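When a residue number appears, it is its place in the shown sequence, counting from 1. None of these values were measured; they are calculated from a predicted model.
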Amino acid sequence: MLYKIVFEELNMFFYIFIAILSPFFDAIAIIIESLLSNNTFKRQTTMIFYVSLMDAVFIPLVFMFGMPTIPSFECLWIYLILGIFDIVYLYPYYTAMKVIDTSIVAALFSLGQIIVPILSFFVLDEVLNLHQYIGFMIIILASVALSIKGAKIPKLSRAFWWMVMSSLAVSCRVVIVKGVMNVDNNWINMIVYPCFISGILPFIFLLFKKSRKDIIRNFPPYLQKFKIFALNELLCFLGMVCSIYGLSVLSPVVSSGISSLQPIFLLAACYFLSTCYCFTFKEKITPKILMKKMFCFILIILGVILVV
């Protein structure tokens, strides 16, 4: 009996560890996307188009862990919705990147988590403990504090409102994925079908004249930075795989809480690259700002511990 309990605990820690790898990979990808979004493309639709081109390229990597199954007709509609979510959240996300520090953009992804417990309750019949509610509130308040400008009159930046829209889409997606897993029971499907759909949808931008012209005009810069785009997509894919695999066992609440660690990984990576390799980022790392961010990140870690 004791052996079984210990095995279950170790198994749970393994899934938590895999889930923690997701915000790590995503943090590195956000750094790359920030550089590409701010220095390469002016229009968000162009950035979305070229970023999404390789959504389906890395799908065969997951075949090492299992093969997709033929889903039901109802699940296919849900996969379509998930693919749409994967594209829709990018527009406000890339818009926010042009306004505010990269680590704050990552932290503001926690805003949408306020609806995760609500959706989990109504869709999945999951109920949180009191300490999990407290943890969520700490994460959200710390994320809002990161976006406040000035010390006298609190003023939320434009990025805050953009990230509200983006984070709500991401949070809804987590609950939907968990709900489909309970029916489909194959985490490989959660990767294969939405990735394939999200890789096709951005071609709709070619139907609009302004978007089409900008996409064509920026094809040479895309080719010049193809390796960077490929690396970015690989990191995004690895982050998604870790998140989906962890979510196959963990609840959406725990998975969303763990994803709040993303800005901490991101700030650490920015600091390392800027000091050791003189890379420049859209990231203010003055002592005063760093102290504020570190305080908020400590609160986020505390919130994650309470949630998990």
Side-chain angles (χ1 to χ4, degrees), residues 22-62 79-100 102-103 105-106 108-109 159 162-163 165-167 169-170 173 190-208 210-244 259 262 265-266 269-270 281-282:
S22 177
F24 171 76
F25 288 127
D26 289 341
I28 308 300
I30 286 179
I31 294 175
I32 297 174
E33 288 177 345
S34 177
L35 294 173
L36 292 173
S37 178
N38 292 311
N39 301 326
T40 304
F41 304 128
K42 293 183 178 180
R43 292 177 63 93
Q44 289 87 328
T45 51
T46 304
M47 179 69 180
I48 294 172
F49 178 84
Y50 284 117
V51 163
S52 302
L53 277 181
M54 287 183 284
D55 274 2
V57 171
F58 299 105
I59 287 178
L61 292 178
V62 298
Y79 292 143
L80 175 61
I81 294 173
L82 292 175
I84 293 173
F85 270 116
D86 289 340
I87 298 300
V88 169
Y89 92 91
L90 291 176
Y91 187 89
Y93 166 57
Y94 289 139
T95 303
M97 275 190 172
K98 297 179 180 297
V99 179
I100 203 168
T102 310
S103 65
V105 169
L108 292 178
F109 267 121
W162 283 116
M163 289 308 297
M165 292 184 286
S166 184
S167 60
V170 172
R173 189 188 191 284
M190 297 296 109
I191 297 172
V192 173
Y193 296 113
C195 278
F196 181 76
I197 293 171
S198 64
I200 294 176
L201 286 177
F203 283 92
I204 295 176
F205 295 145
L206 296 175
L207 300 177
F208 302 94
K210 288 185 178 180
S211 297
R212 182 172 64 253
K213 284 186 175 180
D214 196 66
I215 289 171
I216 295 173
R217 182 169 61 250
N218 282 283
F219 185 66
Y222 169 72
L223 288 180
Q224 291 176 358
K225 299 184 178 181
F226 177 79
K227 292 182 180 180
I228 300 177
F229 274 94
L231 175 61
N232 175 71
E233 283 308 296
L234 176 61
L235 290 170
C236 289
F237 183 79
L238 293 176
M240 180 185 60
V241 170
C242 291
S243 175
I244 297 294
S259 68
Q262 185 180 108
F265 289 127
L266 188 146
C270 284
F281 304 98
K282 187 177 177 60

Can you check whether [X] reaches [Y] side chain to side chain, under 4.5 Å on heavy atoms?
X    : Y    : answer
L234 : L61  : yes
P194 : D86  : yes
Y89  : R173 : no

Would you compute the distance between atom [atom1] of [X] and atom [atom2] of [Y] and round it to the nearest 0.5 angstrom?
X    : Y    : atom1 : atom2 : answer
C236 : F58  : SG    : CZ    : 10.0 Å
I48  : T45  : CD1   : OG1   : 6.5 Å
C242 : D26  : SG    : CG    : 9.0 Å
I84  : I197 : CD1   : CD1   : 8.0 Å
I228 : E233 : CD1   : CD    : 13.0 Å
F229 : L223 : CZ    : CG    : 10.0 Å

Measure from the side-chain N and O atoms of S198 to the backbone N and O of C195, and report whether any donor-acceptor pair falls under 3.5 Å.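 Side chain of S198 to backbone of C195, a donor-acceptor pair under 3.5 Å: yes, one is there.
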Would you say the side-chain atoms of S243 pair up with the backbone N or O of G239, donor to acceptor, closer than 3.5 Å?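 Checking the backbone N and O of G239 against the side chain of S243, no donor-acceptor pair under 3.5 Å is found.
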T46: which residues meet the side chain to side chain contact (heavy atoms under 4.5 Å, CB included) condition with it, sequence neighbours left out?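 Testing T46 for side chain to side chain contact (heavy atoms under 4.5 Å, CB included), a comparison that skips the adjacent residues, returns F41, R43, Y50, D214, I215, N218.
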I216: which residues meet the side chain to side chain contact (heavy atoms under 4.5 Å, CB included) condition with it, sequence neighbours left out?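 R212.
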After noting the C-alpha distance and the side-chain angles of L90 and S52, does the key distance pass the side-chain contact (heavy atoms from CB on, under 4.5 Å) rule? CA-CA 10 Å; L90 291 176; S52 302; 4.3 Å; yes
Take F25 and F237 through the ring-ring contact (aromatic ring centres under 6.0 Å, His included) test and state the conclusion after the steps. CA-CA 9 Å; F25 288 127; F237 183 79; over 10 Å; no
Check: F49 ring centre within less than 6.0 Å of F205 ring centre: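 No - the distance between ring centres of F49 and F205 does not fall below the 6.0 Å cut-off.
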Check the pair Y91, M165 against side-chain contact (heavy atoms from CB on, under 4.5 Å), reporting the backbone distance first and the verdict last. CA-CA 10 Å; Y91 187 89; M165 292 184 286; over 6 Å; no
In this structure, are over 12 heavy atoms from other groups packed under 6.0 Å from F24 atom CZ?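 Open: at most 12 neighbouring heavy atoms sit under 6.0 Å from CZ of F24.
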If we ignore angles and hydrogens, is there a donor and acceptor under 3.5 Å between the side chains of E33 and Y93?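 Yes.
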Parallel under 30°, tilted from 30 to 60°, perpendicular over 60°: which one fits the rings of Y79 and Y193?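 Y79 vs Y193 ring planes: parallel.
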Given I28 and F265, is the side-chain contact (heavy atoms from CB on, under 4.5 Å) satisfied, shown in steps? CA-CA 8 Å; I28 308 300; F265 289 127; over 6 Å; no
